[in-house]
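Okay, structure first, notes after.
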Amino acid sequence: MNSNRFQFKRVGMLIGRAFQQKDKTMRNTALVLAALPICHFLIAILASGKGPSLDNRGNMLTFWIGAFFILSPFIFYNLYNHPKKGLPEVMLPASVLEKFVAMQVTCIIVFPLMVFLFLGGGDALLTTLFPSYQSGYAIAYFFNNKVTEETFLILFLTMQAVFFCNLLFVRRKLLLTIVSFVIVNSLLSIFLVTTTSVTESLGYFDAISDDVHVDVIEGGLFEIFKEENPLVVSGFLFKLFMVVVLPIIFMISSYKLMKTKRY
Amino acid sequence: MVKMQLLSFRYGKKEVLNDISMRLEPGKIYGLLGENGVGKTTLLKVIAGLQKPWNGSCSVFGEDPFNRAPSFLSRVYYLPEELEYIQNDYSIRFFAKVNGPFYPNFDNEKFEAILKEFAVEGDKKLTSLSHGQAKKGAIAFALATNADLLLMDEPSNGLDIPSKTLFRRIIVEYVSDNTCTLISTHQVRDLENLIDPIIILDNKAVLMNASLEEISEKLYFGLHASIPANAFYSEPVPGGYLCVMENDDLGESKVNLEALFNATMQHKKRMQELFAPNAAEVSTPSLRPE
């Protein structure tokens, strides 16, 4: 068999290796996640005599799933591009694509799954054991109210950006990533505000103001409904770029960084 | 196995290697000698695919190392000088457990046997081991991979004197017959009686890539009461001077690596001519140090 051909077996081995290497981190994380709903529950009981509301627990679950989803590259693969500590990773006999896929699978599935299992599971256990104190399951709330195509795409975009920053920056990764995010977001905001102001001054909004709905709070990005107007089409294309093209660009760039990184 | 053609490398504007050409064959333990900063580590990194040549080419098993294809990576093991690549909270046995399965020829029995010979406690975390012990553990793993190309950067650094002797014996005993081993060092005495051929590197060129047999054919290492006029290099030793000179029917002598290295550093051009593939056409030597 050609050893250079993509092999799922090696991807599996790489994922298994990541688990073995981070077993202590994962064990501790699982303990903290399992303890979170219990602490939340106890604090609420002590404060008000009843358990936390479903809204509250659902939001907590959503927050932690998002946080782990976004930060998992830092937790699992923070050493990959280190000039010395990264050598075992880069010299490991597997293709860059296999390593990349293993990293993506670990970051996209493993950590969010852990939050589901331990935080969601802990919450479900408490609800089952103490139905008089709290009702409803946070996991069900999460799936019914929080999982939307929009949130997933935004989380995915953020995670891919973090994944890329994790490979781009060698030291002070978290700080530099936050700074980069702030700078990029500021530039983007300036661009959007300028574009909107210019188009408004040109009178574009006058014609379509009744047909445009801008939903910033729910989706986090502009949701503009009106297909025929050039401004609306531009808005749609911009959104498409942000949630579909940009993550792909980040993924390709991350792969390229892994492929061409010098040690 | 390894073929370099006019390979050049630079870090930014600083040129480290310039037009290096050489070939490495399987079944040999090469000693890569050179002064600090001439690019020994860089050369190993280029061969290992960790760095890309600025110019020229490097091919290993017919592949470009920088592609880092699995077929290449599974046949190469690079042992860096510093052990930062093994996380401190790992034991060397754990390191072998998570990395060994990726090397198709990894031999766990061999790994355990070498650990035993080195008397390394494989289950202790690296933080609990001395630098020398950790180094021995890393060497054990490197040898157990049974890689076809073994690149070792200053492997004897940090080893105590008995361990250096043991290291030489273990290399001879455990390196597979078809493995090409390239050991970089600036402590030539550590590798005496182990390395053959010898490569002496200068950032401008490979000054020498020759077997000990060839070296003793062309150079004579002897003890003299006074320094002969045609000596390339001499140093005072008890009983006279250890001299290195061209072997004009002086017979065979035991190559002294340190003296050879010093002689080469002082007469780079001449040595390069002497050990060039077409050395028979070499002209009269100039003995003035360069």
Side-chain angles (χ1 to χ4, degrees), chain A residues 1-28 75-103 106 167 170-171 255-263, chain B residues 9-12 41-42 44-54 61 63 65-90 92 94-106 125-126 138 141-142 145 147-149 151 153:
Chain A
M1 188 165 59
N2 181 0
S3 63
N4 289 340
R5 198 173 293 164
F6 185 90
Q7 289 180 20
F8 284 104
K9 186 187 165 201
R10 275 200 297 248
V11 175
M13 284 168 72
L14 287 162
I15 296 171
R17 179 177 174 272
F19 287 178
Q20 282 181 305
Q21 287 185 304
K22 296 286 178 188
D23 65 337
K24 201 185 280 178
T25 311
M26 290 179 76
R27 221 172 25 235
N28 293 340
I75 299 165
F76 271 102
Y77 299 107
N78 60 327
L79 296 178
Y80 191 91
N81 62 345
H82 191 280
K84 286 172 184 164
K85 292 177 183 171
L87 291 187
E89 311 295 325
V90 73
M91 291 300 290
L92 207 64
S95 69
V96 176
L97 185 61
E98 287 160 348
K99 289 172 190 172
F100 177 77
V101 170
M103 287 162 84
T106 308
L167 291 168
V170 179
R171 291 180 181 87
Y255 174 77
K256 198 88 181 148
L257 275 179
M258 286 171 71
K259 185 100 181 138
T260 54
K261 170 77 185 163
R262 298 168 188 214
Y263 291 80
Chain B
F9 186 88
R10 56 177 71 168
Y11 289 106
T41 299
T42 304
L44 292 185
K45 283 184 173 181
V46 169
I47 298 171
L50 295 168
Q51 286 285 2
K52 193 177 183 177
W54 185 262
F61 315 122
E63 295 186 51
F66 198 68
N67 285 341
R68 298 173 195 159
S71 56
F72 164 78
L73 294 172
S74 59
R75 297 176 71 187
V76 176
Y77 193 83
Y78 169 59
L79 179 73
E81 182 184 3
E82 289 170 47
L83 296 176
E84 268 186 71
Y85 72 100
I86 306 176
Q87 286 188 49
N88 279 336
D89 57 345
Y90 289 178
I92 192 66
F94 179 76
F95 182 79
K97 186 184 156 194
V98 297
N99 292 302
F102 288 87
Y103 292 88
N105 298 322
F106 181 76
K125 287 180 181 174
L126 248 62
F141 180 78
T145 60
D148 293 330
L149 176 62
L151 307 165
D153 195 0

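Labels below follow one simple rule: chain letters A, B, ... track the order of the sequence lines, proteins then strands, and each chain is numbered from 1. Computed from a prediction, not measured in an experiment: that's the story for all the values here.
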Is Leu79(A) close to chain B through its backbone or its side chain, or both, or neither, when contacts mean heavy atoms under 4.5 Å?
side chain

Could you tell me whether a side-chain N or O of Lys22(A) sits under 3.5 Å from a main-chain N or O of Ile75(A), the two making a donor and an acceptor?
yes

So which part of Glu84(B) gets closer than 4.5 Å to some heavy atom of chain A, the side chain, the backbone, both or neither?
both

At a 4.5 Å cut-off on heavy atoms, which part of Pro101(B) comes close to chain A: side chain, backbone, both, or neither?
both

Bottom line for Lys259(A): the part with an atom under 4.5 Å from chain B's heavy atoms is both

How far does CG of Leu92(A) sit from CZ of Arg17(A), to the nearest 0.5 angstrom?
4.5 Å

Using 30° and 60° as the class limits, which term best fits the ring planes of Phe141(B) and Phe106(B): parallel, tilted or perpendicular?
tilted

Glu98(A) and its salt bridge (charged side-chain N to carboxylate O under 4.0 Å, His left out) partner, picked from Arg10(A), Lys9(A), Arg5(A)
Arg10(A)

Per-residue contact mode, Lys45(B) against chain A (heavy atom under 4.5 angstrom)
side chain

Regarding Glu63(B) and Ser71(B), do their side chains bring together a donor and an acceptor under 3.5 Å, going by distance alone?
yes

Contact part of Tyr77(B) toward chain A, heavy-atom cut-off under 4.5 Å: side chain, backbone, both or neither?
neither

